[in-house]
Amino acid sequence: MEQFDGLTPAQMVDRVSTQLGCPPTSAQVAEYLDKQDPLRPLRREFHLPRVFELPTSDLSVADGSADCIYLVGNSLGLQPRLAQHYLKEELDKWAKTGVHGHTEGSRPWAWAENNIEQMMADLVGAKLEEVALMNGLTVNLHLLLLSFYKPTATRHKILLEAKAFPSDHYAVESQIRLRGLNPEESMLLVSPRPETLRTEDILDMIEKEGQSIAVVMFSGVQYYTGQLFNMAAITEAGHKKGCYVGFDCAHAAGNAVLQLHDWDVDFACWCSYKYINSGAGGLAGAFIHEKHRDTIKPALTGWWGHDLKTRFQMNNVMELQPGVSGFRLSNQPILLVCPLQASLEIFHKVGMAALRKKSVLLTGYLEYLILHYYSQDPSQPQKPYVIIITPTDPQQRGCQLSLCFSLPIRRVFQELEKRGVACDMREPSVLRVAPVPLYNSFTDVHRFIETLGAALKASCS
Ligand SMILES: *Cc1c(COP(=O)(O)O)cnc(C)c1O
């Protein structure tokens with residue numbers, strides 16, 4: 001898509017429509033953009049459900065044989081085709097060799113996760129030694145906080161977003177209680193104005209309260225608004241005040257370009273089933289910056305934190321691996337490693353930079369069409385309109401747009417589902433729509449906009 005370098009998505013759409021001699025809203029524009037898209041073949045590496053396969057579709061209003069319009073990779077990524085193949089290899093190995101599978105084959109179970117950690121490290125901008133694949137996201141957040149949150153009488157607070165994802169909120173709350181402290185005093189929340197958080201508000205809060213903050217704990221991309229935080233600036237501000245700074249990258253990993261090492265982030269965790277397509281409950285990630293490798297120790301230990309070379313001597317004298325590797329507790333679930341490997345290999349092949357480049361155009365195209373059809377028009381007060389909560393600046397968002405409608409959204413959402421759209425609704429009036437550059441096309445975005453028109457019409461009748 002080099003011909004569009006330096007253009008905003010809106011300029012790109014206008015240029016293509018002029019070139020083709022069709023309106024900017026024409027499906028031809030989307031088809032043209034898909035033809036120019038060098039990443040288009042990646043779609044075939046995933047299982048894309050067809051409309052009739054979705055339990056919510058209604059074949060009296062939709063063509064069942066069409067691909068569904070899958071815009072919910074922010075919640076659960078699609079299945080990479082190779083996942084089943086890799087799983088079958090390990091199930092066969094188990095069937096045929098039993099316990100020998102621990103050390104045999106291309107994916108010896110006893111260190112299977114180590115084979116894919118480099119690819120994960122690349123994806124989040126970390127060094128190999130800084131990343132561990134293990135557990136679930138909330139578990140990793142707890143393990144990290146157990147070591148990084150060391151409250152003292154004067155420095156006892158954890159700073160986080162007022163509307164953090166519930167699991168993060170609960171994790172922080174319970175960590176504070178675990179230390180015998182009161183969340184009302186030790187949990188410091190920054191509120192959005194009105195929908196998204198301003199970087200200056202976050203930095204001001206750190207500047208003002210920094211002396212009493214032990215840990216600054218933010219999401220990388222906010223799950224509800226899609227806002228991408230300036231992680232480098234937040235980290236720097238936190239460090240200036242002597243705080244540890246950690247990020248939950250659940251909605252950022254595989255979505256935004258991350259540089260956890262270079263940004264000097266102290267710790268991070270993320271799940272792999274959203275943009276990283278590893279399947280529900282997939283193996284999660286944890287990051288600890290290498291500068292802490294000899295100083296930050298796990299509060300809880302298990303045999304998987306023991307040095308691999310002597311782990312199986314079973315002499316009960318711990319030789320703890322340095323850094324995040326020492327935080328490993330249990331042997332790895334090989335059945336979770338398989339689908340994650342299938343997905344990471346695709347990321348490895350394309351690289352985040354190319355994905356991000358397409359993502360900016362794809363989401364910009366969605367924004368263009370939403371603004372075109374659903375900007376508020378004072379001369380037509382009855383007409384439904386949409387306010388995009390997500391920041392307009394591509395530097396401050398990933399692929400997701402959060403659309404706030406001027407009417408209750410439940411009926412519209414149901415009509416969308418009948419027509420083969422998979423996206424996410426937050427009542428009363430927000431749709432979260434995430435075109436994922438790995439497998440979504442410009443045509444998906446165009447079909448979504450057309451279907452949204454039909455759904456609004458059907459739900460208002
Ligand atoms: C998805 C998500 C979670 C989910 O946590 P699990 O432990 O994987 O169930 C937690 N926090 C954030 C910010 C999320 O986006």
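Counting convention: from 1, in listed order, for ligands and their atoms alike.
Here the side chains of E45 and P80 are not in contact, with every heavy-atom distance at 4.5 Å or above.
The closest protein non-hydrogen atom to atom 5 (O) of ligand 1 is T138 OG1, 3.3 Å. Remark: minimum distance from atom 8 (O) of ligand 1 to any protein heavy atom is reached at Y273 OH, 2.5 Å. Of the protein's non-hydrogen atoms, the one nearest atom 11 (N) of ligand 1 is D168 OD1, 2.6 Å. The nearest protein atom to atom 14 (C) of ligand 1, hydrogens excluded, is given as K274 NZ, 2.8 Å; this is a heavy-atom distance.
When heavy-atom distances to ligand 1 are checked against a 4.0 Å cut-off, D248 comes that close only through its side chain, counted from C-beta outward.
For the pair R311 and W304, the cation-pi criterion (under 6.0 Å, within 45° of the ring axis) is fulfilled. Annotation: cation-pi geometry satisfied between R107 and Y86 (NZ/CZ under 6.0 angstrom from ring centroid, within 45° of ring axis).
The two residues P166 and Y223 come nearest to each other via the heavy atoms CD-OH, 4.2 Å.
The CZ atom of F165 sits 9.5 Å away from the OH atom of Y170 when rounded to the nearest 0.5 Å.
Side chains of Q227 and E195: a donor-acceptor N/O pair is absent below 3.5 angstrom, by distance only.
Note: no N/O pair closer than 3.5 Å links S167 and ligand 1 by distance alone.
Close contacts of ligand 1 with H251, meaning ligand atoms under 4.0 Å from a residue heavy atom, involve 15 (O).
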